Every structure is written in structure tokens, then in C-alpha cells.
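Sequential numbering from 1 along the given sequence is applied to the chain's residues. Predicted model, so just to flag it, every value in this text is computed and none were measured.
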Amino acid sequence: MKRMFKTKWTYSAIIVASLLMTSCSLFDLELQKDYDYEHKTLDPNIGISARKFLENRSYETVENPTDTVFKWMRKGLEYAGIPLEEFEKNDRTFIFLHNEAIKTWDTKTKKVTAGLFFDFPIVTGMDGTGKPITRPATKWEEYNKDDVRNYFLYLMLQGNYNFDKLTIENTKAKTMLPANTVASKSSLLGYMNEGKGFDQEGLMVLRLVNNSDLAPIQINNKTTNRSGGYIVTNGVVHVFGSKGNTTVYPFSGAL
């Protein structure tokens, strides 16, 4: 699908990119936006399982105390009771959530201002017109545990949906979420998608935003990936959580 133009500019760009990569970690999401989409320039195979990728970037260690971009995702999985062994199973596409996809924290106002915790706020009551009164969540434990579990099941796709398998037309993918799953009314998610919250067929639609070699993947016609195309030993990983485009909604269509 991707094209390689044999020009001096292309060869120079490859050399520069190679020199830059020698001083940067291969797994630095912030430094690999070009790498993510130019699959023929650098090898996207990272040589570890999806589980190991998640663990390597979610725990604070002596060797790497600050590289914890998947920390809030792991916390959610732990709360939901989803064993990390799920991320060792073969022939899957995994949607990983960067911390910003879950909780973007404004240090000045000391408030959650974006991400899942903001877009799926906790329902605290109903107003006089029957509309829910809400506030942003601050931790996973404020959500219904089954809702969190079902949300993460939705982010596991059966089969390979890497860039070369997608086009600008929507492709339907079966997730691990059971059909007819309905979200509780404990958060605003339960009032979305005609009061169902989750896609009733357990499906996700994915497409490339355009035909450019740098085109990102879009989920459910709403959210584009932060980086993607990580080929792990048991499938593919795409990462979501770019500023201003954070939350992955578990259904397609209107909000």
C-alpha cells in the first residue's frame, strides 16, 4: 500500500531518521510519529508481546522511572479484573490507551479537563428536566466495574487490522465485547448510543483518514491514533490518546 520514491530527498531523510534513532529509544511514542506511518523506512517489529510492551511502559522502575505512558490503562485493567495474559493471546489487534486518553490533568486548575474520565463523567443525580448531573471521574474505582471490564474488552480486536489491511473506507472488526452489552447508568456512557453505551454487535469500525502515506487510523469515525503499527509477537498495537482527540468511544455514529 505504501509507496517508496527513490529520490535523493528520500534517501537523505532515511539517513537522518536513522541517525536520530540511534540517540532515542525505539519505544518512545513522542519521537516516533514519522516511524509509525512510514513502515518501509524503519522496522515496526518490536520483538515483544503486547503484554510486555504494556508492562515495559506502565511500571515505574529504577532504570526507567518516568516512562509510564500506559500506567492508567494498566490500573484500569487491574480494577476490571482483566488478567494481562489476555495480551499474550495470538492474532489480535490491541488498542492501547496513552495516559492522556484516560485522564488529562490541568496542573493549574487541579481538574480533569480531557480524556475518558472527562468525556464519560460520573452521574451524581438528575436535574429537574430528567437530565443527568455529572462530574469528571478522578479514578477508575468510581466507575461500575463491569463497565470498565467491557470497555477494555472492546479495545481487543479479533484479527490483524494494521495499516496494510485498512483503506479510507470503514472496515468492521469484531471485538472481544459480547453482543448486546449495555452500560450502566452510573456514568454518562450509559446515556450515549441510544442509552446502550456500547456497540450492540460488539463491532468497531476502523479506516485510514486519507490516502497519504502518513494517514492515521480513525476509530468509529471519531478518534485518530497517536501512533500505531507496532508489530508485537502476538499481533498489532495501535496507541490512542492525542491531545484534543483523546477518548475512544465504544460505538460508532453520533454521540
What are the two closest non-hydrogen atoms of Ala80 and Val148, and how far apart are they? CB-CG1, 3.8 Å
Measuring from Ile168:CD1 to Ser212:OG, what's the distance to the nearest 0.5 Å? 12.0 Å
Any donor-acceptor N or O pair under 3.5 Å, side chains Asp106, Thr113: no
Does the side chain to side chain contact (heavy atoms under 4.5 Å, CB included) test come out yes or no for Glu100 and Val69, once each step is laid out? CA-CA 8 Å; Glu100 289 182 354; Val69 296; over 6 Å; no
Check Asp67 with Arg57, please: is the shortest side-chain N to carboxylate O separation under 4.0 Å? yes
Do Phe118 and Trp105 belong together in a cluster built from hydrophobic side chains that touch within less than 4.5 Å? yes
According to the interplanar angle, ranging from 0 to 90°, do the rings of Trp140 and Phe152 count as parallel (below 30°), tilted (30 to 60°) or perpendicular (above 60°)? tilted
Passes side chain to side chain contact (heavy atoms under 4.5 Å, CB included), Met204 versus Tyr161? Steps please. CA-CA 11 Å; Met204 177 186 292; Tyr161 293 92; over 6 Å; no
Counting only heavy atoms not in Lys75, do more than 12 fall under 6.0 Å of its NZ? no
Let me confirm one number: the CD1-OG1 distance from Ile133 to Thr124, rounded to the nearest 0.5 Å. 5.5 Å
Cluster check Val248, Leu166: I/L/V/M/F/W/Y, side chain < 4.5 angstrom: yes
Mind checking whether Thr104 and Phe117 have side chains closer than 4.5 Å, heavy atoms only? no
Answer yes or no: is there a side-chain heavy-atom contact under 4.5 Å between Tyr151 and Tyr143? no
Within the structure provided, determine whether Leu208 and Phe163 are in side-chain contact (heavy-atom separation under 4.5 Å). yes
Please say yes or no: joined through hydrophobic side-chain contacts below 4.5 Å, possibly via intermediate residues, are Val112 and Ile122 part of one cluster? yes
Can any side-chain N or O of Lys110 pair as donor or acceptor with the backbone N or O of Thr107 at less than 3.5 Å? yes
Asn193 side chain to Lys196 main-chain N or O, any donor-acceptor pair under 3.5 Å? no
What closest approach, in Å, do Trp72 and Lys103 show between heavy atoms, and which atom pair accounts for it? CZ2-NZ, 3.1 Å
In sequence, state the C-alpha distance, the side-chain angles, and the governing distance for Glu55 and Arg74, and then conclude on salt bridge (Lys or Arg N to Asp or Glu O under 4.0 Å). CA-CA 8 Å; Glu55 290 178 328; Arg74 178 177 53 77; over 6 Å; no
Side-chain donor/acceptor of Asn234 to backbone N/O of Phe87, under 3.5 Å: yes
Within this structure, what is the OG-CG distance for the pair Ser252 and Leu203, rounded to the nearest 0.5 Å? 8.5 Å
Side-chain H-bond candidate by donor/acceptor type, Asn221 with Asn170, under 3.5 Å: yes
Considering residues, nucleotides and ligands other than Lys222, do more than 12 of their heavy atoms fall under 6.0 Å from its NZ? yes
Which heavy-atom pair separates Ala183 from Gly197 by the least distance, and what is that distance? CB-CA, 4.1 Å
Would you indicate whether the side-chain heavy atoms of Asn150 and Leu153 approach each other to under 4.5 Å? yes
Side-chain heavy atoms nearer than 4.5 Å, only ILVMFWY residues, links allowed to pass through others: does that put Leu116 and Leu54 together? yes
Applying side chain to side chain contact (heavy atoms under 4.5 Å, CB included), run through Ile231 and Ile46 and close with a yes or a no. CA-CA 6 Å; Ile231 300 177; Ile46 61 177; over 6 Å; no
Residue pair Ser187 / Asn144, side-chain heavy-atom distance below 4.5 Å: no
For Tyr79, does the six-membered ring have the charged nitrogen or CZ of Lys145 within the cation-pi criterion, i.e. under 6.0 angstrom from the centroid and within 45° of the normal? yes
With distance as the sole test, does Ser58 use its side chain to make a donor-acceptor pair with the main-chain N or O of Phe70 at under 3.5 Å? no
Find the distance between CE (Met176) and CG (Leu157) and round it off to the nearest 0.5 Å. 10.0 Å
Is it the case that one hydrophobic cluster holds both Leu189 and Phe240, taking links as side-chain heavy atoms less than 4.5 Å apart, direct or via other members? yes
Measure up the Phe53 and Phe96 rings against each other and bin them: parallel (under 30°), tilted (30 to 60°), perpendicular (over 60°). parallel
How long is the span from the CG atom in Leu97 to the CG atom in Leu155, to the nearest 0.5 Å? 5.5 Å
Closest non-hydrogen contact found for Thr247 with Thr223 is O-OG1, 2.5 Å
Nearest-0.5 Å distance that lies between atom CG in Leu206 and atom OG1 in Thr171: 7.0 Å
May I ask you to decide if the ring planes of Tyr249 and Phe120 are parallel, tilted or perpendicular, using 30° and 60° as cut-offs? perpendicular
Derivation and outcome, ring-ring contact (aromatic ring centres under 6.0 Å, His included), residues Tyr154 and Phe198: CA-CA 9 Å; Tyr154 185 79; Phe198 296 103; 7.1 Å; no
All heavy atoms of Gln200 vs all of Thr181, minimum pair found to be NE2-O, 2.8 Å
Between Arg51 and Glu85, does any side-chain N to carboxylate O distance fall below 4.0 Å? yes
Between Tyr59 and Lys71, is there a cation-pi geometry (under 6.0 Å to ring centre, at most 45° from the normal)? no
Do Asn162 and His238 have side chains that get closer than 4.5 Å, going by heavy atoms? yes
Find out whether Met126 and Lys131 are in side-chain contact, i.e. whether some heavy atom of one side chain is under 4.5 Å from a heavy atom of the other. no
Flag the pair Leu77 / Glu86 as yes when at least one side-chain heavy-atom distance between them is below 4.5 Å, and no otherwise. no
Take Glu201 and Lys174, measure what salt bridge (Lys or Arg N to Asp or Glu O under 4.0 Å) needs, and give me the verdict at the end. CA-CA 8 Å; Glu201 296 180 80; Lys174 185 70 178 70; over 6 Å; no
Quick one: do Ser186 and Asp147 satisfy side chain to side chain contact (heavy atoms under 4.5 Å, CB included)? Show the steps, please. CA-CA 9 Å; Ser186 62; Asp147 289 346; 3.7 Å; yes
Take a 6.0 Å sphere around CD of Glu194 and say whether it holds more than 12 heavy atoms from other residues, nucleotides or ligands. no
On a heavy-atom basis, which atom in Val237 and which in Val232 lie closest, and how many Å separate them? CG2-CG1, 3.9 Å
